[in-house]
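Following: one structure in structure tokens, then a few remarks.
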Amino acid sequence: MKKLRDIPIQFIKGVGPSRKKLFNNLGIENVEDLMYFFPRRYEDRRRISPISMVQTGEYQTVTGKVLAKRSRRSWYTKKHLSEIMVDDGSGRLHCVWFNQPYLEKYFRAGKQIVLYGKADIYKERLQMVSPEWELIDSDTDDQKYSIGCIVPIYPLTRGMTQRYLRKAVRASLDKYLNDLTDALPVWLRNKHHLVNIKRSIASIHMPEDFDIQQKAMSRISFEEFFIFQISVLKRRLSIVMKEGVAHNVNLNLVNAYKNLFPFPLTQAQKKVINEIAGDMQQTVPMLRLLQGDVGCGKTIVALFGCVAAFHNGLQSAIMAPTEILVRQHYDNVTKILQEFKGPEGNSPRVALLISGLPKKERDAVKRKIANKEVDIVIGTHALISEEVNFKNLSFVVIDEQHKFGVKQRALLSRKGLNPDILVMTATPIPRTLSLTLFGDLDVSVINEMPPGRGKVETTLYPQKEAPYVYKQVRNQVRAGKQAFIIYPLVEESDKLDLKAAEGMFKEFQQKIFKDFKIGLVHGQMPRSQVDVVMEQFKGNEIHILVSTTVVEVGVDIPNASVMVIEHAERFGLAQLHQLRGRIGRGKQNGECLLLAEATTEEGQQRLQVILSTSDGFKIAEQDLLIRGPGHYFGRHQHGLNELRFAKPLTQIDILELARQEACDLIHKDPELKEMKHKHFQAIIKERFPSYLESARSG
Ligand code: ADP
Ligand code: MG
């Protein structure tokens with residue numbers, strides 16, 4: 001049997017070298033890619049209305065010949081107009097497009113055209129404004145596939161037409177459809193009434209009706225979920241089948257730990273500490289996800305695991321995504337553990353490992369880690385990217401899980417005695433999603449804030465109200481508070497935004513806030529300089545901190561209770577929520593002032609959500625609905641980005657079926673060794689390689 005992914009796209013009839021480039025632009029390299037290149041929508045052209053029967057106010061399809069065309073600028077609106085008159089024998093239709101002067105060269109009198117749009121009557125003429133259009137060749141079988149059927153509309157690239165792409169897809173189906181192999185075995189398809197792969201692919205490109213097209217898509221999603229779940233479960237198995245450390249964790253230790261704090265732990269914190277304590281006593285390595293909103297007190301809970309490891313004479317590590325966060329964890333942890341004594345009367349030795357340290361110092365820390373002169377290591381990804389060898393690592397915390405990938409998790413855990421792993425996230429994830437993504441993790445949730453937290457009030461102002469907003473900031477700072485002013489900076493290379501932040505910083509310094517101390521931090525500053533400024537801000541030597549999103553996660557400055565977010569429409573919801581979390585930390589109430597000019601509907605929706613709730617889970621759900629998971633989690637989130645067709649948010653039923661089947665399968669044949677399951681190994685390797693890799697190394 002031919003492997004369709006090994007057949008280059010040029011093998012399709014009519015695809016030469018220049019066309020090949022266009023396909024490549026669309027991410028299509030081979031025949032399999034082409035077959036799995038799905039339409040973004042369909043046009044129902046089964047019913048063509050004669051022009052004489054066209055209803056105004058309704059969407060419909062007509063076809064006819066271009067009778068005449070005209071291209072001009074309206075002296076009245078100053079817009080460019082491209083117009084054509086179409087005749088189908090029953091009547092005439094006038095069509096107009098605005099400001100697309102290039103259209104003119106496509107429309108030629110005598111050509112057959114298909115139009116889809118809403119008709120109205122204008123100046124006593126039947127017309128369509130900006131209808132979808134397509135020219136049809138009369139001398140090919142184009143007619144047959146463009147009129148009288150459901151027509152697929154594909155995503156295009158410059159220089160590629162629907163017509164051409166459709167033809168190529170048809171050619172690939174004609175020649176190679178029979179070479180498609182079905183990843184799902186017959187019994188499984190029969191059990192869940194799933195359409196076979198050949199019929200599915202054919203029906204997605206050329207559906208007879210919408211029912212079969214939907215069934216085909218469901219089947220594709222089922223298959224994808226199923227394979228993905230097998231890889232997730234297999235990975236879990238490969239970890240839990242290993243022998244880890246059974247820590248000795250007793251009630252005395254738990255109580256001694258709780259007494260380290262000047263405040264009582266919340267119920268939720270106690271519950272999760274118990275869950276961790278329970279897991280750590282088992283030989284099976286722990287794999288646990290801790291979810292909790294910004295500021296709910298995850299650090300204390302995670303640190304308990306480190307203390308338990310120390311109590312057993314073993315090492316632990318905490319990994320966080322940024323140096324600011326790592327330093328903050330380090331400060332907190334050393335403070336908390338000052339009073340803590342282990343079984344031999346000694347306190348845990350805590351070390352910091354970041355690439356910002358001088359090499360000599362770094363090497364010294366690594367030596368100490370290797371000789372076990374250090375018990376708890378707190379670091380950035382330097383922990384995994386550099387040569388760090390632990391003597392006896394038995395517990396690992398990964399903070400802000402969504403900033404790290406699955407692979408990095410595996411790399412860190414490989415450094416130890418199959419350590420217990422706790423991953424933490426302040427990005428709340430609805431349950432269905434966490435099942436999909438983290439099906440290999442047990443989940444703990446902290447759903448409660450420590451008492452006595454101030455409230456954050458959020459208000460939205462249009463950009464032109466900025467002077468008023470700055471005046472409010474001035475009043476607050478006069479009253480002794482500190483303020484953040486945040487600018488968007490999506491990528492570090494985003495020079496333009498940086499200029500905005502730097503420019504405004506000068507303006508603030510020289511004019512608007514010239515009677516206050518102002519600081520600036522951004523991602524392109526040297527680390528050391530950022531730290532100096534942050535320290536000054538913490539020490540209240542700086543009143544107003546102008547910043548790009550480097551302050552996003554975790555930073556703790558209790559006296560800062562005012563935040564202005566400029567261009568708030570350009571931030572994602574998760575980001576806005578995290579940013580706002582910075583000022584909800586102390587006892588005093590916070591004030592968050594959004595300056596925004598939401599030009600898109602999506603931007604508006606996002607702002608409405610952030611104004612209406614401060615519940616991280618609700619915000620996450622809304623964001624996932626508005627933008628889909630890829631945006632919400634960013635590109636590091638494995639799994640979500642690897643799912644090409646399946647939609648975990650809206651296809652929950654299919655997801656659950658597939659998950660159940662995957663569980664059964666892995667239960668019966670964990671290694672996928674049986675003849676009839678062997679091919680799954682190859683499929684996993686093809687589709688979710690990072691999972692397999694981590695399974696091997698984890
Ligand atoms: P996050 O969950 O965002 O990581 P942290 O662990 O950084 O939150 O905690 C935020 C702040 O709340 C810290 O200053 C911490 O000392 C404090 N805190 C944590 N738990 C409690 C509690 N039970 N009562 C009062 N304050 C707490
Ligand atoms: Mg934290």
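Just so you know, ligand 1 is whichever comes first in the structure, and atom 1 is the first atom listed for that ligand. If you're wondering where the values come from, they're calculated on a predicted model, not measured in any experiment.
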query: After noting the C-alpha distance and the side-chain angles of Phe395 and Phe310, does the key distance pass the ring-ring contact (aromatic ring centres under 6.0 Å, His included) rule?
result: CA-CA 9 Å; Phe395 181 78; Phe310 170 68; over 10 Å; no
Under 3.5 Å: N/O of Gly295 near N/O of ligand 1: yes
task: Output yes when the distance from some N or O of ligand 1 to some N or O of Phe263 is under 3.5 Å, and no in every other case.
output: no
Atoms in ligand 1 with a heavy atom of [X] nearer than 4.0 Å:
X	result
Leu265	23 (N)
Ile300	19 (C), 20 (N)
Thr266	23 (N)

Is it the side chain, the backbone, both or neither of [X] that has a heavy atom closer than 4.0 Å to ligand 1?
X	answer
Arg453	side chain
Gln269	side chain
Pro264	backbone

task: Report yes if the distance between the aromatic ring centroids of Tyr257 and Phe340 is under 6.0 Å, otherwise no.
output: no
message: Using the side-chain contact (heavy atoms from CB on, under 4.5 Å) definition, which of the options Leu579, Val564, Leu576, Leu595 pairs with Ile486?
response: Leu579
- prompt: Aromatic rings Phe513 and Tyr470: how do their planes relate, parallel, tilted or perpendicular, breaks at 30° and 60°?
  reply: perpendicular
task: Mind running salt bridge (Lys or Arg N to Asp or Glu O under 4.0 Å) on Arg349 and Glu373 for me, showing each step along the way?
output: CA-CA 7 Å; Arg349 293 156 298 183; Glu373 289 159 34; over 6 Å; no
query: For Lys271, does the NZ atom have more than 12 heavy-atom neighbours from other residues, nucleotides or ligands under 6.0 Å away?
result: yes
